[in-house]
Amino acid sequence: MRVTDDRYNRDRLRLETALRLIGHEARTQTIRRWTGLSDDRIRKLFRSYIRPGAGVRRHRGKSPQQVGFFLRGGSDDAHALAAMLLLFGVLPARTVAARAPDDASSPLPSLSRGRQLCEAYETYRRVVPQARIDFEHAVFLAIALNAGDEIRLQWCHSCDAANITEHSALRLPPCRACGATLRDAATMSPDR
Ligand SMILES: [Zn+2]
């Protein structure tokens with residue numbers, strides 16, 4: 001009985017989260033990855049719950065794959081969203097400074113993280129006027145920051161603010177919050 005209840009609750013949670021993701025116009029592959037539902041069930045959800053003309057579009061095709069926007073034009077938005085991703089536990093409070101190269105893989109998408117991701121994104125949309133990052137780009141930001149191989153979060157040694165930095169940058173920018181020079185904890189030598 002207990003097992004059945006647990007399974008039922010988990011299934012309900014999957015469906016709730018999937019509907020929330022559909023509301024954010026997430027792609028089918030995104031919904032599948034974060035809820036574990038099959039494509040077939042996701043298609044049925046679209047058909048059953050989304051009325052034609054309800055204003056919810058269904059995106060097809062590839063998810064975004066460019067980090068440049070987060071570093072340049074959309075940097076303010078990306079930092080606000082990254083703060084929410086940290087706050088709601090989608091990203092760990094601190095990335096481990098010197099992580100082994102193939103340890104970047106604790107798989108981020110999961111049902112519980114999917115719900116946290118919705119919370120983080122909905123809060124970002126509430127607090128940032130004219131928010132410029134759509135849901136698929138928010139997912140991409142979370143995954144890119146978690147992987148840390150193109151962009152990552154760098155905590156300021158002076159004020160503790162989280163800064164998004166480019167992994168390949170030769171020189172790190174000053175801290176957005178206090179202007180102190182950011183130091184790369186992973187490569188910092190004691191005499192710097
Ligand atoms: Zn700082």
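As the structure lists them, so they are numbered: ligands from 1, and atoms in each ligand from 1. Positions are given from 1, in the same order as the sequence printed here. Model, not experiment: these values are computed from the prediction.
Between Arg176 and Ser75, the side chains place a donor N or O and an acceptor N or O closer than 3.5 Å (distance only, hydrogens not considered). Between the side chains of Tyr8 and Arg12, no donor-acceptor pair of N or O atoms lies under 3.5 Å. Defined by atom type and a distance below 3.5 Å, a donor-acceptor pair is present between the side-chain atoms of His24 and Glu122.
In terms of the side-chain hydrogen bond (donor to acceptor under 3.5 Å, both in side chains) criterion, residue partners of Asp77 (sequence neighbours excluded) are, by chain and number, Tyr124.
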Salt bridge (Lys or Arg N to Asp or Glu O under 4.0 Å) between Asp11 and Arg41, intermediate numbers included: CA-CA 11 Å; Asp11 206 45; Arg41 289 194 75 190; 3.2 Å; yes
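For the Zn ion (ligand 1), protein N, O or S atoms under 2.8 Å: 4 in total.
A salt bridge is absent between Arg32 and Asp40; no separation between the charged side-chain nitrogens and carboxylate oxygens falls under 4.0 Å.
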